[in-house]
Structure formats: C-alpha cells, structure tokens
Amino acid sequence: RAVLEERIKQAIHGNDEAGRAWVEEECPIQLLPPPAADVALDLAMANALRRHLPYRVFACATWELLYGTAHHGISLSTFFNRTGWRAPTLVVVKDTNYQVFGAFCSAPWE
C-alpha cells in the first residue's frame, strides 16, 4: 500500500508520463453509480478525460455522480445543493443533438 501511495504521489507532483500510465493501470476509474446507457459521461470518456485533469484529480480512481437530471430532476437549486460544497467537480452535459461538453471546476460551486 505504501508503495502504491508513493508512486501516485510521484505521478501527481512530477510530469511523469510513465507514472500516469502506471496509475491508470493500477487505479482504474470507477464511476458510482455505474452509468446508464443514456448518461453523458461513460467509462471510456472518463478515461479519456482523466489524462487532461490536474494531477491531484487524475489519481482519484472513484468518480461519484453528484447530480444527474435522470436521478435528481431538472433543478438548479438541487444541483447547487448536491454540488455546492464539493470540489473539484467535473460538469458534463449532453445536449438535444447528443453533443457532449463540459467544464472542470476546481473550487466549490457558490
């Protein structure tokens, strides 16, 4: 366990492509709850996005769905209640033309 933590720290704090590849292999992303077929972010997209996130987020292997319209309804106040105190967050949106876009937010929502 200590070796794993040290390797993750090295990948996070340095520009270490080999370390990133190792983290991806040893700490695969887990989406909670597992995504439904119509969700905007699937496992393949999460893995593709992971490499572009800051190192401290990159090493996080468990991504939790905080708000989804299928689960929580369409309400901005519900979105803020569920995400407002959490950081960092990744917002992923699928529009009516099935185009997917989003944003990475390093600070809590206010």
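No hydrogens, no waters, no symmetry mates; every other heavy atom, side chains included, goes into these values.
Hydrophobic clustering (ILVMFWY, side-chain heavy atoms < 4.5 Å, transitive): Val39 and Phe101 are in distinct clusters. Placement of Leu31 and Phe104 within a single hydrophobic cluster is found when ILVMFWY residues are connected by side-chain heavy-atom separations under 4.5 Å, directly or transitively. Residue Leu43 is grouped with residue Met45 when hydrophobic side chains (ILVMFWY) are merged at heavy-atom distances under 4.5 angstrom, including chains of intermediate members.
Looking at Thr62 and Glu64, their side chains never come closer than 4.5 Å, going by heavy atoms from C-beta outward. The shortest side-chain heavy-atom distance between Val100 and Val93 does not fall under the 4.5 Å cut-off. At least one side-chain heavy atom of Leu41 sits under 4.5 Å from a side-chain heavy atom of Trp63.
Other residues, nucleotides and ligands contribute at most 12 non-hydrogen atoms within 6.0 Å of the OH atom of Tyr98.
If you take CG on Leu32 and CG on Leu65, they are separated by 9.5 Å, rounding to the nearest 0.5 Å. Atom-to-atom distance recorded for Ile74:CD1 and Thr69:OG1 is 5.5 Å, nearest 0.5 angstrom. Between the OG1 atom in Thr78 and the NE2 atom in His71 there is a gap of 14.0 Å [rounded to 0.5 Å]. If you take CG on Leu66 and CH2 on Trp85, they are separated by 7.5 Å, rounding to the nearest 0.5 Å. Distance OG1/Thr83 to CG/Leu90: 12.0 Å, rounded to 0.5 Å. Expressed to the nearest 0.5 Å, how far CZ of Arg82 lies from OG1 of Thr89 amounts to 13.0 Å.
Not a single donor-acceptor pair under 3.5 Å links the side chain of Asn97 to the backbone N or O of Gln99. Tyr67 places a side-chain N or O within donor-acceptor distance of the main-chain N or O of Gly73, the cut-off being under 3.5 Å.
Listed here is the closest heavy atom pair of Ala87 and Ala107: CB-C, 3.6 Å. Closest heavy-atom contact between Pro108 and Gly84: CB-O, 3.2 Å.
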